[in-house]
Amino acid sequence: MKFFYQNWQFDRERPMTIFSSNNIRYHAHCHPEVELIYVVSGSLSIGVNEEKRLVSEGEFVACGSNDIHYYENVGMDSNVLILIFKPDLLGALRIWPDEFQFSSPYLTDKLKAQPLGELMHSILTESMKSKPGSSFIIRGLILQLCGLLQRSITSLPKDKEPHEQRARMQKILSYIEENCCSEITLESISRHFNMDPHHFSRTFKSTLGISFKTYLNTVRVSLAEIKLETTDASITDIALECGFASIRTFNRVYKSLKGHTPSELRKKV
């Protein structure tokens, strides 16, 4: 199952999805689809590429195609609207934005963000209807949303160097996803990408906000969580299948990331 380089599958007539989420927490991932976030209430931490900020009620975040982004629950309640759509809905061939980049993915000016949030609510409302013409109305609202977004955040020429660095990090995330159940060390992955381990470690943490080891453990725990919920395999077998050297290490890492033990999750299933 793909965790990080997500390949969303949409209806041909409506290549998008929009949903409301409470206290969302999701590790770093990327995809060619555009992802727009409006904070309806509360606060949460959202990282986009090399930046991470505490985003609060009434603020907006724009993740363009293939931006690396993640959500962190910072101990406060939050509710967000998340819109994900394919760039071709805007008439773009592969990615959006293509010829420019936003000066920042974060729109903290609440007066400018408010009409964007209202459009997000309108898209959500229309997406819940099964009426003739809904797909056209939704597409029109998303076009209006992106046009207004481009007016609300300063645009800059596309910077080639950060784009190349991001592309390399996307390859690293994909490699971790595909090999997370095998033994991966900082030294082995650095060698695979022809990087000095110290430089790899520093670059990884500055981009994702967490260390390589914590990220690898997060990937493995996410995979284990799915297996715990959907299979009858023993906890020990799942731990070993997901790359952990022992059940003791698995229990410790799982609880530190999830706040409860694997056996406690199994009892709820």
Side-chain angles (χ1 to χ4, degrees), residues 1-7 24-33 35 44-54 61-74 94-95 101-106 156 158-226 239-246 248-258:
M1 177 177 179
K2 293 286 184 183
F3 286 105
F4 304 99
Y5 197 89
Q6 296 180 333
N7 183 18
I24 185 170
R25 180 180 179 182
Y26 202 84
H27 28 255
H29 62 291
C30 58
H31 41 69
E33 291 77 21
E35 187 162 336
L44 73 161
S45 184
I46 301 178
V48 184
N49 298 320
E50 293 79 22
E51 289 189 75
K52 182 174 75 169
R53 291 192 187 181
L54 183 68
V61 183
C63 303
S65 297
N66 297 323
D67 280 344
I68 299 170
H69 53 288
Y70 55 94
Y71 302 89
E72 291 181 352
N73 188 317
V74 290
R94 294 185 300 108
I95 63 172
Q101 62 186 5
F102 292 116
S103 59
S104 171
Y106 305 94
L156 302 171
K158 184 81 81 173
D159 194 334
K160 185 177 180 182
E161 184 177 351
H163 180 72
E164 290 177 346
Q165 293 175 353
R166 199 166 304 145
R168 181 172 62 177
M169 185 57 65
Q170 289 162 4
K171 290 180 181 179
I172 290 172
L173 294 185
S174 180
Y175 179 85
I176 293 173
E177 173 199 338
E178 293 170 1
N179 298 277
C180 66
C181 296
S182 304
E183 183 180 359
I184 306 178
T185 64
L186 176 61
E187 289 71 22
S188 68
I189 194 170
S190 301
R191 186 167 56 251
H192 181 84
F193 287 97
N194 298 314
M195 296 175 67
D196 173 76
H198 178 70
H199 177 64
F200 179 97
S201 179
R202 186 177 60 216
T203 302
F204 194 97
K205 188 167 185 177
S206 66
T207 302
L208 301 186
I210 59 174
S211 69
F212 160 72
K213 185 176 181 180
T214 300
Y215 184 82
L216 176 60
N217 282 335
T218 302
V219 177
R220 288 171 169 170
V221 163
S222 296
L223 179 59
E225 189 173 40
I226 292 173
L240 298 177
E241 287 173 7
C242 294
F244 289 95
S246 68
R248 182 178 179 182
T249 301
F250 174 58
N251 284 330
R252 175 178 54 79
V253 171
Y254 189 99
K255 186 172 183 179
S256 69
L257 291 175
K258 295 294 182 179

Subject >> Residues, nucleotides or ligands: over 12 heavy atoms within 6.0 Å of Arg25 CZ >> reply: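 No, CZ of Arg25 has 12 or fewer neighbouring heavy atoms, counting only those of other groups under 6.0 Å.
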Given 3.5 Å as the limit, does a donor-acceptor pair link the side chain of [X] with the main chain of [Y], or not?
X	Y	value
Arg220	Cys181	no
Asp196	His199	yes
Ser190	Leu186	yes
Thr214	Ile210	no
Ser65	Pro32	yes

Are [X] and [Y] side-chain neighbours, meaning at least one heavy-atom pair lies under 4.5 Å?
X	Y	answer
Leu44	Glu72	no
Ile68	Val48	no
Glu35	Val61	no
Cys30	Asp67	no
Lys52	Ser45	yes
Ser104	Glu51	yes
Ile172	Phe212	no
Phe102	Leu156	no

Original post:
Looking only at side chains, do Thr203 and Ser206 share a donor and an acceptor under 3.5 Å apart?
Top reply: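 The answer is no; no qualifying pair exists.
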**OP:** Fit a plane to each ring of His69 and Tyr71, take the angle between them on a 0 to 90° scale, and name the class: parallel (under 30°), tilted (30 to 60°) or perpendicular (over 60°).
**Re:**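 If you compare the ring of His69 with that of Tyr71, the planes turn out perpendicular.
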**OP:** For the residue pair Phe244 and Phe250, categorise the inter-ring angle as parallel (less than 30°), tilted (30 to 60°) or perpendicular (more than 60°).
**Re:**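 The rings of Phe244 and Phe250 sit tilted, inter-plane angle from 30° to 60°.
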To the nearest 0.5 angstrom, please state how far the [atom1] atom of [X] sits from the [atom2] atom of [Y].
X	Y	atom1	atom2	result
Ser201	Ile189	OG	CD1	11.0 Å
Ile46	Cys63	CD1	SG	7.0 Å
Ser182	Ile176	OG	CD1	12.5 Å
His192	Phe200	NE2	CZ	10.0 Å

**OP:** Assess the pair Tyr70 and Tyr26: is the distance between their ring centroids shorter than 6.0 Å?
**Re:**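 Centroid separation for Tyr70 and Tyr26: 6.0 Å or greater.
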Subject >> side-chain contact (heavy atoms from CB on, under 4.5 Å) between Ser222 and Val219, intermediate numbers included >> reply: CA-CA 5 Å; Ser222 296; Val219 177; 5.8 Å; no
Original post:
So which heavy atom on Lys171 is nearest to which on Phe193, and how close?
Top reply: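 For Lys171 and Phe193, the tightest heavy-atom pair comes out as O-CZ, 3.8 Å.
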Subject >> Any pair counted as salt bridge (charged side-chain N to carboxylate O under 4.0 Å, His left out), so long as it reaches residues 198-213, sequence neighbours left out >> reply: none
Original post:
Passes side-chain contact (heavy atoms from CB on, under 4.5 Å), Leu257 versus Lys255? Steps please.
Top reply: CA-CA 5 Å; Leu257 291 175; Lys255 186 172 183 179; over 6 Å; no
Subject >> Salt-bridge present (Glu225, Lys258; N to O < 4.0 Å) >> reply: yes
